[in-house]
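Quick note: numbers below take in every heavy atom, side chains included, and nothing from hydrogens, waters or symmetry partners. Residue numbers count from 1 along this sequence. Please read these numbers as outputs of a predicted model, since none were measured by experiment.
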Amino acid sequence: MHQIQKGFSVGDIVRVTLVPQGEEEATDRQIVLDLTIDARGVAVGPFPAFGRIGDFRRPGTLFPFTLMGDGRLDYGAHAGDVSTQDKLAIRNEVLAPGAEILRTAGDRSEAFVIATVTSLTA
């Protein structure tokens, strides 16, 4: 079990960076997401959250998305059918470096690891 990050409060907004498990240098596949957390460091709320997949220094790799309340990654105009959309199992998880988060795309799943959790609350 991962430890809860110290220094965060209820309602803090954090930026979470995830990398493919075993491929920490794969910046073109990293996921960056802004979420609100509770006192336990768990992502809360049914509200959409915003993020991106890819390396911001390489625009060709960027895919912005909205994380819906049910975990679907909505790519906007590039989204497929709801039943085939990617899902990220980050809601209701303690957000701490080293935690494993599953991304599912259709019938394929891939493990990602939280690399960093940074407070965006001033």
N/O donor-acceptor pairs under 3.5 Å from side chains in residues 47-55, not counting sequence neighbours:
unit_1, atom_1, unit_2, atom_2, d
Arg52, NH1, Gly54, O, 2.3
Asp55, OD1, Arg57, N, 2.9
Asp55, OD1, Arg57, NE, 3.2
Asp55, OD2, Thr27, OG1, 3.0

ask   = Any link between Phe56 and Val16 through a network of hydrophobic side chains (Ile, Leu, Val, Met, Phe, Trp, Tyr) touching at under 4.5 Å?
value = no

query = Can you tell if the side chain of Val117 reaches within under 4.5 Å of the side chain of Pro97, non-hydrogen atoms only?
reply = yes

task = Check whether any side-chain heavy atom of Arg103 sits under 4.5 Å from a side-chain heavy atom of Leu18, and report yes or no.
result = no

message = For Leu73, run the side-chain contact (heavy atoms from CB on, under 4.5 Å) check against Ile31, Asp86, Thr104 and tell me which one passes.
response = Asp86

ask   = Which value, rounded to the nearest 0.5 Å, describes the distance between Asn92 atom CG and Arg40 atom CZ?
value = 8.0 Å

ask   = Is there a chain of hydrophobic side chains (I, L, V, M, F, W, Y, each step under 4.5 Å between heavy atoms) that links Leu95 to Leu102?
value = no

task = Could you pull out all residues at least two apart from Arg29 that satisfy salt bridge (charged side-chain N to carboxylate O under 4.0 Å, His left out)?
result = Glu23, Glu110

task = Find the distance between CZ (Arg15) and OG1 (Thr121) and round it off to the nearest 0.5 Å.
result = 11.5 Å

query = Which heavy atom in Phe65 sits nearest to a heavy atom in Leu67, and how many Å separate them?
reply = CD1-N, 3.8 Å

request  = First locate atom CD of Glu100, then atom CZ of Phe112, and finally report the distance between them rounded to the nearest 0.5 Å.
outcome  = 11.0 Å

key: Taking every non-hydrogen atom, the tightest pair across Val14 and Ser119   = CG1-CA, 4.1 Å

query = How long is the gap from CG on Asp70 to CG on Leu88, to the nearest 0.5 Å?
reply = 11.5 Å

ask   = CG of Asp12 to OG1 of Thr118: how many Å apart, nearest 0.5 Å?
value = 12.0 Å

inquiry  = To the nearest 0.5 Å, what is the distance between CD1 on Ile37 and CD1 on Ile13?
reply    = 10.0 Å

ask   = How close do Ala99 and Val94 get, heavy atom to heavy atom, and via which atoms?
value = CB-O, 3.9 Å

